[in-house]
Amino acid sequence: MFRIIHHYILACVACLVLCDVAFAQAVEFKLQQREGWVGSPITMQVVSVNSSGDPQPPEIAASPDFASAIVGAPQRMDMRQNINGVSSRRMTTTWTVQMTPNRAGVLTLPQVKINADGRTYLSPAQTVPISASDSGDVLAVSVRSNPTTLFAGQAADVILEIAVRPYANREHDVSLSERQMWELIDKPTSSWGVFEPRMRELVQSNQRPAGREEIRDGARWCVYEITANTNASRSGALDVGDVRIDLKYPTGISVNRDFFGASELSLSGIRKVSVTPATSNLIVKALPEAGRPASFRGAVGQFSIQASAKPTKAAVGDPMTLTLSIQSLSDNKEELRSLQPPPLESPALAKGFRMPSDPLAGTVDGSTKTFTQTVRALSADVSEIPPIEFSYFDPSTLKYVTTFTKPIAISVSPAERISATALEGVSSAKKDAPAANLTDVNGGLVANTAPGADLLSDQRLNVGWSTGALVAIPPALAFLLLLVRKRNNSTQSNKILTRSRGAAKIARRELFAAQDAATIAQIIQRFVEARTARPVGTVTRSDATTFARIAGATEPCLQTLDAILALGERAAFAPRHGENAQELREKAVNLLGELDPLAWQRKTESFLGDLQP
């Protein structure tokens, strides 16, 4: 009997211990970073574990060195486990506290206090080294040219190099990829200068520049390059416009619950970094004065020139078209846009030909720029169009080069002349010409024929209903076919309308092949872009919900839309979260069924008009 009581007591004690382990109450203070920067928030997570009631929000002590605040609503999680028959439950409420330092130095963080289950918990005293905001530790931007040495008037490729140090979090074993770091570059707020047209192409086609990884000072960096063509119009510093790159660099990662209740990682804070590249190394040199030919018109590069004329046989004063074709032998064809024609006022050409004085405007086709001019021979003694001189500066040899076209053989005949005597002879011949003898006929032809029965009968054509129908049906059918064809052509030519009408069908087809939350969210986002006639990659999560609300979506539909897009954003930073893709696909398909019938084009037209760039 004593042994049975002893075993019963031990079992009860063991149960109490297990319950205490499974439902232990505590408060955790999690600081994700051990250093900070002036103006960039430091994030602390305050986690209340297994509180019996609703814990009160934490209180942050005032500090002259920090501006502190609780960010967002608390996150609540309820996790149950059963391992080897032992059940456990962990209920947590998490607050995110941000403390932004206002000076550099080794600073003590403000103390955080929270009351839970009648007890008061205080965060431990912690010091953090704060540095002045130096963007060079995470972002580097530079501009270089190809070729590296430029002369005034020379075309060149200007390359913008953006190097970003990928964010890594050891606590959660997360390191952002090259694609994810590119998404953190704030493209709308950045200034791109001469690179803006290329950036607009990338954004509208939902692409990014080719990235590569480099090791710099033992650290991994993601490097992106964007190339633009420009022309060094004058000597001095090369003007690339206002270039400034803004980066939203992460400062921490937090654990949240997704739309389906699963735990997921997301950014808990960002540090705004801006860098303007130094362009002092891009210096444009002036062209040398020594050896500059009189026929030089600013061409810089390597060129060849050819000339042709049509027709090659003409009379004095008749027009002939002179065509000058200048071909660029360099890799960069941008130099042809500002290329000026060779001078045509040479004494040899002006002596034998008359030409208009209007400036020539050439046309560029590939690697060739063509100029045309009308010339007229002044005498029949002219036998050729003389060589035309063209000069350019070759930056590879640092010398001026003068080349000539080949002479063009032509045949010029004297102009025909009509003397005054010949004109008088023509006039007298007309005067002496005999007059035609005409015979008067009374009543014309009718008078020569007696009226008959056929002439007096009714000559009107009688058309019956059957004949009229046969005659009217072909034009009516042709007109109807013309209307149908015009409408079909109008629909096919309207790419925006075609894209909008087929958006739901394309989205459903892509959803069946989607395997993760990020892809599913992107499909829904592209659907909204198509229905609102926006370029690909320009509609954000908030834009999508705003457009759907204007189009007439219900509140539950808007909540589902926002939840799926938020899930996709968080999945981009933690693709291993293990969401139920099948369930998410079904929700997305049902969401499409609610979004598709909305009046997108009609109700969002005026609103979108204000947003067009």
Side-chain angles (χ1 to χ4, degrees), residues 151-155 231 233 287-419:
F151 289 90
Q154 183 179 2
N231 192 286
S233 57
L287 295 173
E289 295 288 343
R292 179 180 298 183
S295 59
F296 179 71
R297 292 295 182 270
V300 179
Q302 295 177 333
F303 306 91
S304 65
I305 184 171
Q306 293 180 346
S308 62
K310 188 176 182 180
T312 56
K313 293 183 179 181
V316 173
D318 287 349
M320 291 184 290
T321 301
L322 174 63
T323 302
L324 301 175
S325 299
I326 303 177
Q327 182 180 9
S328 172
L329 305 180
S330 307
D331 295 333
N332 194 330
K333 311 306 178 187
E334 189 70 18
E335 56 200 5
L336 291 174
R337 298 186 181 277
S338 58
L339 183 68
Q340 299 298 314
L344 298 180
E345 58 272 10
S346 62
L349 193 60
K351 180 180 179 182
F353 297 89
R354 184 175 75 251
M355 294 172 293
S357 58
D358 298 336
L360 300 183
T363 58
V364 178
D365 183 11
S367 60
T368 303
K369 189 168 187 177
T370 303
F371 300 92
T372 57
Q373 179 65 285
T374 300
V375 298
R376 301 172 187 267
L378 297 177
S379 70
D381 298 333
V382 178
S383 60
E384 68 177 16
I385 298 177
I388 297 173
E389 182 178 350
F390 176 67
S391 298
Y392 60 90
F393 180 77
D394 188 347
S396 62
T397 61
L398 304 181
K399 294 181 179 180
Y400 290 97
V401 178
T402 300
T403 183
F404 296 87
T405 63
K406 295 181 180 180
I408 304 173
I410 59 175
S411 175
V412 181
S413 59
E416 296 184 0
R417 298 179 180 273
I418 301 177
S419 63

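In this text, all values refer to a predicted model and were calculated from it rather than measured experimentally. All values below were derived from every heavy atom in this structure, side-chain atoms included, with hydrogens, water molecules and symmetry-related copies excluded.
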Mind listing the closest non-hydrogen atom pair of [X] and [Y] along with its distance?
{"X": "Ala315", "Y": "Val412", "answer": "C-CG1, 4.1 Å"}
{"X": "Leu360", "Y": "Pro341", "answer": "CB-CG, 4.1 Å"}
{"X": "Val316", "Y": "Pro414", "answer": "CG2-CA, 4.2 Å"}
{"X": "Thr312", "Y": "Ala409", "answer": "CB-O, 3.9 Å"}
{"X": "Ala309", "Y": "Ile408", "answer": "N-CD1, 3.9 Å"}
{"X": "Ser338", "Y": "Asn231", "answer": "OG-ND2, 3.3 Å"}

Could you grab the distance from atom [atom1] of [X] to atom [atom2] of [Y], nearest 0.5 Å is fine?
{"X": "Gln327", "Y": "Leu336", "atom1": "CD", "atom2": "CG", "value": "9.0 Å"}
{"X": "Thr374", "Y": "Asp318", "atom1": "OG1", "atom2": "CG", "value": "12.0 Å"}
{"X": "Gln154", "Y": "Leu287", "atom1": "CD", "atom2": "CG", "value": "9.0 Å"}
{"X": "Arg376", "Y": "Leu378", "atom1": "CZ", "atom2": "CG", "value": "11.0 Å"}
{"X": "Leu398", "Y": "Phe393", "atom1": "CG", "atom2": "CZ", "value": "5.0 Å"}
{"X": "Ile410", "Y": "Lys313", "atom1": "CD1", "atom2": "NZ", "value": "12.5 Å"}

With a 4.5 Å heavy-atom cut-off, do [X] and [Y] have their side chains touching?
{"X": "Pro407", "Y": "Pro387", "result": "yes"}
{"X": "Phe303", "Y": "Leu339", "result": "yes"}
{"X": "Thr370", "Y": "Asp365", "result": "no"}
{"X": "Val375", "Y": "Met355", "result": "yes"}
{"X": "Phe390", "Y": "Leu324", "result": "no"}

Side chain of [X], backbone of [Y]: donor and acceptor closer than 3.5 Å?
{"X": "Thr368", "Y": "Ser325", "result": "no"}
{"X": "Lys369", "Y": "Arg337", "result": "yes"}
{"X": "Tyr400", "Y": "Pro288", "result": "yes"}

> Would you say the side chains of Ser346 and Glu389 form a donor-acceptor pair under 3.5 Å?
Replying inline: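 There is no such pair (donor and acceptor under 3.5 Å, judged by atom type) between the side chains of Ser346 and Glu389.
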>> Under the criterion side-chain hydrogen bond (donor to acceptor under 3.5 Å, both in side chains), I'd like the reasoning laid out for Ser295 against Ser391: C-alpha separation, chi angles, the key distance, then a yes or no.
In response: CA-CA 6 Å; Ser295 59; Ser391 298; 2.5 Å; yes
> Please walk me through it: do Phe353 and Leu344 pass side-chain contact (heavy atoms from CB on, under 4.5 Å)?
Replying inline: CA-CA 10 Å; Phe353 297 89; Leu344 298 180; over 6 Å; no
> When Phe371 is tested against each of Leu322, Ile326, Ile305 for side-chain contact (heavy atoms from CB on, under 4.5 Å), which residue passes?
Replying inline: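 Passing option: Ile326.
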